Amino acid sequence: MNQENYNYDKIAKAIEFIVANAKEQPSLFEVAEEVSISQFHFQRVFTEWAGVSPKKFLQFITASYLKEKIRETSNLVELAEQAGLSSQSRVYDHFISIEAVTPQEFKTSGKGLAIRYGIHPTPFGDCFIAVTDRGICAMAFVDEASREAELIALAKKWHYANIQHDQDSTKSFIDRIFQPATGSLEKLPVLIQGTNFQLKVWEALLSIPKGAVTTYQQIAQSIGHPAAVRAVGSAVGDNPIAYLIPCHRVIRKEGMLGEYRWGSLRKKALIGWEAARSA
């Protein structure tokens with residue numbers, strides 16, 4: 001197992017234990033014992049990963065903290081304007097440009113398109129990524145059980161494309177995404193298939209800053225469909241590009257994190273990790 005994945009597995013287990021025992025306020029020793037590593041090693045690994053102590057990390061994923069963050073992002077359109085950025089072109093720490101396939105391209109399921117894919121370690125476990133000359137067309141967190149499923153889903157969606165495994169070319173994208181300080185400042189394009197409504201929702205997600213959260217209701221209002229909360233939820237769940245299109249930043253209005261396509265525990269890790277780095 002890659003060291004980065006090993007660390008994430010330990011950290012995820014620790015987060016799960018901390019959350020489940022929040023009322024008892026488990027000590028550092030108790031958490032370290034739960035994940036079967038020494039107290040000193042756990043403290044170092046967790047702090048290197050999160051940037052804060054486990055106790056501080058817990059504060060960033062409590063309902064009271066998240067409800068306050070919801071109030072701060074009550075108007076996504078205004079938030080994007082304040083930052084002086086278009087919600088369709090900037091995701092604060094990454095430049096993202098969304099390109100939708102044309103109706104003809106959708107009909108032909110990627111005919112003539114070359115797709116390269118790979119699986120790489122990240123701070124949140126293994127990540128499956130597929131890229132074309134026009135941008136990233138799929139991205140998902142995976143484990144041993146779901147790796148093949150992601151490849152099957154990719155082949156089904158882009159049925160007539162030429163799909164090849166290419167770790168070298170996809171690694172450069174992963175480095176730019178998860179190690180932006182060492183990556184390129186050029187835009188990271190994504191090429192996706194979706195309805196006009198889905199595209200509006202996914203573009204709205206790009207206006208949520210790192211460390212912030214919003215609700216399904218706020219997304220619905222920001223795209224001009226305030227009554228379409230359930231449809232927004234479906235579009236958020238169908239997001240084909242994990243992390244870059246940050247559907248993990250959408251939570252319930254009560255401050256509860258809710259479900260996540262790539263696991264509710266990973267959603268806690270993502271939100272807490274981003275909040276710690278934005279505090």
Side-chain angles (χ1 to χ4, degrees), residues 1-69 92-94 118-129 139-147 167 171 174-183 209-213 242-244 246 248-249 251 255-258 260 262-279:
M1 178 185 289
N2 179 279
Q3 184 65 37
E4 194 166 22
N5 284 337
Y6 172 81
N7 287 346
Y8 175 71
D9 286 348
K10 294 292 185 183
I11 287 161
K13 188 175 181 181
I15 293 171
E16 186 174 33
F17 180 74
I18 292 166
V19 171
N21 298 276
K23 289 184 179 179
E24 289 76 22
Q25 294 281 306
S27 67
L28 184 65
F29 173 78
E30 290 172 321
V31 181
E33 190 174 55
E34 175 67 19
V35 299
S36 304
I37 57 178
S38 72
Q39 180 177 332
F40 172 78
H41 183 56
F42 172 70
Q43 172 81 343
R44 181 179 63 80
V45 168
F46 194 96
T47 304
E48 283 180 357
W49 178 83
V52 295
S53 68
K55 185 176 181 179
K56 181 69 174 176
F57 182 90
L58 178 61
Q59 295 176 16
F60 293 127
I61 53 176
T62 60
S64 58
Y65 175 85
L66 293 171
K67 281 192 284 188
E68 180 59 34
K69 299 304 289 184
Y92 288 78
D93 57 329
H94 299 293
I119 297 174
H120 303 272
T122 78
F124 309 103
D126 277 342
C127 184
F128 175 94
I129 186 170
M139 189 167 163
F141 294 109
V142 295
D143 55 24
E144 289 293 334
S146 61
R147 290 182 178 208
Q167 287 284 112
K171 184 180 185 301
I174 290 293
D175 289 345
R176 287 174 61 187
I177 293 165
F178 293 101
Q179 301 178 39
T182 60
K210 178 180 282 190
V213 290
Y243 187 72
L244 282 183
H248 60 277
R249 297 176 193 160
I251 67 173
M256 305 301 290
L257 292 178
Y260 183 54
W262 295 285
S264 58
L265 183 58
R266 183 172 277 110
K267 187 171 185 176
K268 291 182 178 72
L270 283 160
I271 288 178
W273 186 86
E274 291 183 341
R277 280 162 169 69
S278 304

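Bear in mind the structure is a predicted one, so any value in this text is a computation, not a measurement.
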Under a 4.5 Å cut-off applied to non-hydrogen side-chain atoms, are I119 and C127 in contact?
no

State which residues pass side-chain hydrogen bond (donor to acceptor under 3.5 Å, both in side chains) with S278; sequence neighbours excluded, sorted by chain then number.
none

Between V31 and I18, is there a side-chain heavy-atom distance shorter than 4.5 Å?
yes

From CA spacing to verdict: side-chain contact (heavy atoms from CB on, under 4.5 Å), F17, K13:
CA-CA 6 Å; F17 180 74; K13 188 175 181 181; 5.9 Å; no

Kindly write out the residues that satisfy ring pair (Phe, Tyr, Trp, His ring centres under 6.0 Å) with F57, not counting sequence neighbours, or none if the list is empty.
F46, W49

Taking side chain to side chain contact (heavy atoms under 4.5 Å, CB included) as the test, write out the residues that go with Q59, two or more places apart.
K56

N21: what forms a side-chain hydrogen bond (donor to acceptor under 3.5 Å, both in side chains) with it, not counting sequence neighbours?
none

Has K69 got a side-chain atom pairing as donor or acceptor with A212's backbone, closer than 3.5 angstrom?
no

Any salt bridge (Lys or Arg N to Asp or Glu O under 4.0 Å) pairs touching residues 24-39, not counting sequence neighbours?
none

With sequence neighbours left out, write down each residue that passes side chain to side chain contact (heavy atoms under 4.5 Å, CB included) with E68, or none if nothing qualifies.
R71, E72

When rounded to the nearest 0.5 angstrom, what is the spacing between CD1 in I37 and CG in N7?
8.0 Å

Residues passing the salt bridge (Lys or Arg N to Asp or Glu O under 4.0 Å) test with K171, sequence neighbours excluded, are D175

Sequence neighbours left out, what passes side chain to side chain contact (heavy atoms under 4.5 Å, CB included) with I251? Give chain and number order.
L66, I70, V213, L257, K267, I271

When you compare the side chain of H120 with that of I129, does any pair of heavy atoms fall below 4.5 Å?
yes

Do F42 and P54 touch side chain to side chain, with heavy atoms closer than 4.5 Å?
yes

Please report the closest heavy-atom contact between V52 and A276, naming both atoms and the distance.
CG2-CB, 3.9 Å

Go through V45 and K10 one step at a time and tell me if the side-chain contact (heavy atoms from CB on, under 4.5 Å) criterion holds.
CA-CA 9 Å; V45 168; K10 294 292 185 183; 5.6 Å; no

With sequence neighbours excluded, what pairs up with E16 under the side-chain hydrogen bond (donor to acceptor under 3.5 Å, both in side chains) test?
none

Can you name the salt bridge (Lys or Arg N to Asp or Glu O under 4.0 Å) partners of E274, sequence neighbours left out?
R249

Could you tell me whether the side chain of F178 reaches within less than 4.5 Å of the side chain of P123, counting heavy atoms only?
yes

May I have the step-by-step check of side-chain contact (heavy atoms from CB on, under 4.5 Å) for F124 and W262, ending in yes or no?
CA-CA 10 Å; F124 309 103; W262 295 285; over 6 Å; no

According to ring pair (Phe, Tyr, Trp, His ring centres under 6.0 Å), who are the partners of Y65, at least two apart in sequence or on a separate chain?
F60

Beyond-backbone contact of S38 with Q43, side-chain heavy atoms, under 4.5 angstrom:
no

Which residues pass the side-chain hydrogen bond (donor to acceptor under 3.5 Å, both in side chains) test with R44, sequence neighbours left out?
H41, E48

Where is the tightest heavy-atom contact between W273 and A50, given as atom of each residue plus distance?
CD1-CA, 4.2 Å

Check the orientation of Y243 and F141. Use parallel for under 30°, tilted for 30 to 60°, and perpendicular for over 60°.
perpendicular

Mind checking whether R147 and D126 have side chains closer than 4.5 Å, heavy atoms only?
yes

Over all atoms of both residues, closest heavy-atom pair of A140 and A242:
CA-CB, 4.0 Å

